[in-house]
Amino acid sequence: MSKTPVNATGTAANEALTDSIQYVTVLIGGQLFGLPIHKVHDVFVPESMTRVPLSAPEIAGVLNLRGRIVTAINMRRRLGLPPREGNSSIMAVGIEYRGESYGLIIDEVGEVLNLQTNGREANPANLDRRWAEISGGVHRLSGQLMVILDVERVLGRMLDQIAA
Amino acid sequence: MDDLLREFLTETNESLDVVDVELVKFEQEPNNARILDNIFRLVHTIKGTCGFLGLPRLEALAHAAETLMGKFREGAPVTKEAVSLILQTIDRIKGILAELEALEGDEPKGEDGDLISQLEAMSLAGDAAKAAAKADAKKPAESKKAKEETTGTLVSQVLERELRIGEVSLDELERAFRETEVEVETDVTVAAEPVAERVSAAVSPAGTGQQGIDLVKVAAEIEARLNLASERKPEKAEKSVEDKEADAEAKGDGKGSVSSQSIRVAVETLEHLMTMVSELVLTRNQLLEIVRRHEDSEFKVPLQRLSNVTAELQEGVMKTRMQPIGNAWQKLPRIVRDLAGELGKQIELEMHGAETELDRQVLELIKDPLTHMVRNSADHGLEKSEDRKTAGKPEKGTIKLSAYHEGGHIIIDIADDGRGLNVERIKQKVVENGLATEAELEKMSEGQIFKYIFAPGFSTAAKVTSVSGRGVGMDVVRTNIEMIGGTIDLKSVAGKGSTFTIKIPLTLAIVSTLIVESAGDRFAIPQLSVVELVRVQSNSEHRIERIKDTPVLRLRNKLLPLVPLARILGVAEEGEKSEDDGFIVVMQVGNVTFGMVVDGVFHTEEIVVKPMSKMLRHITMFSGNTILGDGSVIMIVDPNGVASAIGTAVAAEVSEKQDGDKLRSVDDPAKVSMLLFRAGSPEPKAVPLSLVTRLEEFDIDKIEHSNGRDLVQYRGSLMPLVYLNHGVQRRMEGTQPMLVFSDSGRSMGLVVDEIVDIVEEQLDIQVGSEMPGVLGSAVIKGKATEIIDIGHFLPLAFEDWFTRKEISSAALTRSLLFIDDSPFFRNMLGPVLKAAGFDVTTCASATEAMRRLGEGERFDIIVSDIEMPGVNGFELAEMLRRDPRFRHTPIIALSALCTPASIERGRQSGFDDYVAKFDRPGLIASLKELTSHEVGLAA
């Protein structure tokens, strides 16, 4: 019991010390997003996805990733973006959430960026509600903005909706 | 060493470790009933296991400790001393266990009288304290907070405080004993019989000897079983009793001890192993594929080897997880045998389906509840031999255990043929324990009241025996079963016995599934719910028919509701084509049978069900998902989910009538399938389904007008349409639903507004009707429904419908006596028979008919129902045949029940013919034949 606060302050102190977080950047509908690298399990090309009838519209299906069943989330639909045109190849970012494997289907994977934590800005007040819901802030990069994708919120909200 | 004993040692040591931790926790928060319950259960289990393993020393200790904890449960103050004492007892038990292991199964000799008498005294003190501090008995003696809370109350805390600070003085205990003598007396004799025995053993020196004898007996028994030399044992035992610490040390470094011979592996580890093996299989498959392309590869041989090893590995890993349920049952015969001796009953244990495989983890978790329930059945369920004899039952009581798979679940039934649950006793207990008021109970069904036996602390056993009766039993059972997502249910018939049904989900089990395709996707259906497969094509014998939009299949004269898999999954594509050509998977879930329409059927595959992601778990249509051999993920259809989607109402109704159609038709011949529809008014109308040949919908533009009436071209001829009444809407577009009646190549369409449903109901026309075309009104599905007289409409289509094929001599009107107790059939067939040229007299019963005949009325032919109250058709026929006046009068039997046996019976009774009730053409033909025969004779 008494240990928890100590740990929490410890982490906070660590963050303050390192001062920077590494992000894996991805492109979804032309927008640059960043996922904290420690959340990203792997990046893969989803193959032979199985549709799941009656599931939430955001769920693209389930697939087998090295013997594990991964639930694929269509990030375009999650963000309220139109489906991608043409049949260009898709990519997925594998993440773990509450002991289960998920694959976030995105358009493209970019590079890994090392960003200063103090460069992070809060969500602009007028950000689309669907986006604000899953965004953990914004980083200004040269020439473009990178929205931080908060994995917990992306998936947590969906679970909440199901539970509700 | 005995397997049972080995297992007991491993398990008990684990449980005791938990008890240690929990007890300490409990001491800190004595108000936490959950912790107490937990400890209580663990100790209870230990006690029970010791009992049947024949370890009296351990049993006595555990029992004494349990009694004391029972007092806590009842509200006695939790003192440090009491907890220490229990801890001390636990240590003693551990010591004995260690020795037990060292002695390979012999319970060490020794004396626990000291501890037991202390425990006993403490229990009494608990009672005393409880009596002294009635209202506030639960207040903890230990926590300061509690002290603050209790200062305001008027209860004297003196006793509690003293108890807490100092040692319990003997004087005090004795005083307590005296004060609560009356209460204690019952407690000692009833609640703690074995303890009392031990106490007396401890008090009198002579008692020690007696306990020794007990032990020797047990030892001898175990020895005999193990064929072990017993020479050195007493010596060793003494040593270990004397020097417990040395023994504990010995145990510490005794690496070869039994407890560590088997190891417990977390299911997660196995799960991970399994995943890795699956991956290995996939990789191997890919490699094989590559090698296949290169004819003479040097990899071929090593790869073959790799392939074999992989297969073996896969099998091995699978095996680690799956076990037949029989493993959990191994102990039971012995337990039942011992119980039978202990309780003085004759008990037979039947076991079915021991080979049913289930996940190891699940197996472990249901083992104890199962044991407990079997013990309960033996103790409470079955009566003593004498009682059984008086009740006219075989002396030997039977406990039947059966396991089987059903619709993605494993069902375990524990049935006894004992006295059944005593509803009144349960009610009384429920009220006593304040679980519900009498008024509330009044409103409950028996089933609901029975459920109370699963409530914590509930026990109706009048006597607390060492077998059961402390009210932990069913509570523990339920908790354990619910922990693995299962359910428990019971049925009980007074005097006949009770059946407990445990239903455990198959989340981790291997199932054989049928892989099917629907709307382009593949799905797995657990084979256990699949009854058969039917191929349907629009032009074949089996084809899908529709009632309104509901597809049905006529399968062996039964109407099977169909549900396209694609539709219930919401993936149906536009266009009907896929539904009319395909396969029907006939499934049975519980008592519901339905057909699932799929586009294709591939093969069967053994799969390991993997739980679905949390994101998908809310979809009731699926029970899980899995990875197929080809590496793709497939969803597993949950037959239960589908069945309930089809209609919970149907399921409930059908399950009420447990014994299915056959029995129903025998018991309830008046139950008729009725087609409900609407025509002209919102009120429902109905017609017996068996009279309807087909249900059709025609496009409006197919309906033609000719010669002042509406016609459609139907199967190469013109079919006249009759509107049920003027209110029936003549639609301008779309399709017009109609009921088609066909007879000897002629058809008529009865136009209605909407076809609503098919129901099976007892038909009882309560209000007759003067209106032509309506027989009367009956209650169907809780609504007043007009029953349509088809006989009225048929002549509207073809005036000669009934007459055209009549005998030329129909002009000579023949008199006919028609006997049927059902007003519906009297009203239904009366006009038909009239139309066939008979002068019809109807009778509602055989006796009425006999009266008429006896009074001299004469009939040319008699048509009689078989199933009638009072005198039935067979008896009537026999009677008539004995009378010379009626010996030659043709009699036709009319029955809903047309089995070869009943037809034979009818023939023997003297019926000339036997016709099914709804076989109108058959009846007419039979009448024609019999009457013309008679004419021929007369001429």
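In what follows, every chain begins at residue 1, and chains take the letters A, B, ... in the order their sequences are listed. Atoms considered below: every heavy atom in the structure, side chains included; atoms not considered: hydrogens, waters and symmetry mates.
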Approximate separation, where rounding is to 0.5 Å, of A:Ser55 OG and B:Met635 CE: 8.0 Å

Qualifying residues under salt bridge (charged side-chain N to carboxylate O under 4.0 Å, His left out), relative to A:Arg157, sequence neighbours excluded: A:Glu133

Contact winner vs chain A - B:Val633, B:Asp521, B:Ile619, heavy-atom pairs under 4.5 Å: B:Val633

Main-chain N/O of A:Glu100 paired with B:Lys614 side-chain donor or acceptor, under 3.5 Å: no

Whether over 12 other heavy atoms sit under 6.0 Å from B:His618 NE2: yes

Atom pair NE2 (B:His272) and CZ (A:Arg68), whose distance is rounded to the nearest 0.5 Å: 9.0 Å

Sub-4.5 Å side-chain heavy-atom contact between A:Thr50 and B:Ile634: no

Contact class of A:Ile59 relative to chain B, heavy atoms under 4.5 angstrom: side chain

Over 12 non-hydrogen atoms of neighbours within 6.0 angstrom of CD in A:Glu47: no

Smallest separation among heavy atoms of B:Phe523 and A:Pro53, with atom names: CZ-CG, 3.6 Å

Whether over 12 other heavy atoms sit under 6.0 Å from B:Glu312 CD: no

Distance (rounded to the nearest 0.5 Å) between B:Ile568 CD1 and A:Leu54 CG: 8.5 Å

Residues which pass salt bridge (charged side-chain N to carboxylate O under 4.0 Å, His left out) with A:Asp128, listed by chain and number, not counting sequence neighbours: none

Exceeds 12 heavy-atom contacts within 6.0 angstrom, atom CZ of A:Arg140: no

Chain A contact via B:Met615 - which portion, at a heavy-atom distance below 4.5 Å: both

Side chain proximity check, B:Leu616 to A:Val62, heavy atoms < 4.5 angstrom: yes

Side chain A:Thr71, main chain B:Ser613, donor-acceptor under 3.5 Å: no

